[in-house]
Amino acid sequence: EAELYTEYKGVYLPKLTCSPQSLKYFEDFTFRPDDIIIATYPKSGTNWMQYMVSLITNDGDSTPVDTLSNSERAPWLELFQAIALNLEKRPSPRVLTTHMCYNMMPQSFFEAKPKVIYVMRNPKDVFTSYFHFHQIASFLVKPGSSSEFLHKFLDGKVSRGSWFDHIKSWLSADSNEQILYISYEELTADLKASVAKVAEFLEKRLDDEVMEKIAEKCLFNNMKENKVSNYSTTPIQFLDQTKTKFFRKGVVGDWKNLLAAEEAEHFDAVYTDKMKDVEYSFVWD
Ligand code: A3P
């Protein structure tokens, strides 16, 4: 861990993608009230939401959207790639992404109070997706067996820290913040209704057929085949998709194929304990 990760405010971050310069850039970033922030714990549907929001802000026109990757169009602010994008000069509304916890956001974020879309996913599926992702991403520590990775995940000793802390931080955000909480499971259950929900939150009026078109573009198979979104041009040294694809399965409940019954029980026990003070009713509960 020590070799690949740096500790930032008590959370592991990959050194390869979060350099001291990029963390400084993140801390000094000037937010605007009309920015659109996508906040997630990894593997919760980040890329899905980045693409959906980009299509919504472009009135469903995929031509400009598909000229840039998610990391250029809706960059992760704390990753080194963001520095070179001249975000200060971008017209509003800028679409920005972060995997940071709420309490790790910089001062300017709390002053500008931009809209935030927080995407969450059943943590057992997050764990499963993250386990597979760790086998292909060179900036992450090799996960070991699934039971080894399970202990690290439940202890928060993984890149981006504890899932529990992450979700609790965003759920306990100041009530003056404008945050839309939406789940991966909701997106899966009804993509068009989710497009409508996100568009309404962004105060974007779209015709029914435009929303239909956006939902279609956001289908798993369409994004998987889309060269701009499927990371096929990302160098193999970063992401080795010969083992498993970034667009892996895109389903709800794949944890059942990875966790043994007693591991799932252990997961649930930890979940119940760590989430006991959280009042939010999650779709997966
Ligand atoms: P799986 O590994 O379970 O397949 P993130 O973008 O936050 O890294 O999340 C990646 C996960 O979201 C992966 O989950 C990926 O397959 C899934 N995903 C991405 N786009 C999707 C889509 N259009 N429909 C369903 N799942 C999608």
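Scope of the values below: all heavy atoms of this structure, side chains included, with no hydrogens, waters or symmetry mates.
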- Query: Does the ring centre of Phe31 sit less than 6.0 Å away from the ring centre of Phe29?
  - Reply: yes
- Message: Between Asp254 and Thr128, does the side-chain hydrogen bond (donor to acceptor under 3.5 Å, both in side chains) criterion hold? Intermediate values first, please.
- Response: CA-CA 7 Å; Asp254 192 45; Thr128 305; 5.7 Å; no
- Message: Is there a side-chain hydrogen bond (donor to acceptor under 3.5 Å, both in side chains) between Asp61 and Asn58? Walk through the geometry before answering.
- Response: CA-CA 6 Å; Asp61 182 0; Asn58 280 283; over 6 Å; no
- Item | Distance-only polar pair, side chains of Tyr271 and Trp284, donor-acceptor under 3.5 Å | yes
- Mind checking side chain to side chain donor-acceptor pair (under 3.5 Å) for Asn230 and listing every partner two or more places apart, or none if nothing turns up? Ser232
NZ/NE/NH1/NH2 to OD/OE distance under 4.0 Å, [X] and [Y]:
{"X": "Asp240", "Y": "Lys243", "result": "yes"}
{"X": "Glu78", "Y": "Lys24", "result": "no"}
{"X": "Lys217", "Y": "Asp66", "result": "yes"}

- Lys15 NZ/CZ over Phe139 ring centroid, <6.0 Å and within 45° of normal: no
- Task: Mind checking side-chain contact (heavy atoms from CB on, under 4.5 Å) for Val210 and listing every partner two or more places apart, or none if nothing turns up?
- Result: Leu206, Asp207, Ile214
- Item | Parallel, tilted or perpendicular, as decided by the 30° and 60° cut-offs, for the rings of Phe246 and Tyr231 | tilted
- Task: Test Val65 against Arg73 for side-chain contact (heavy atoms from CB on, under 4.5 Å), laying out the working first.
- Result: CA-CA 8 Å; Val65 173; Arg73 209 189 326 100; 3.5 Å; yes
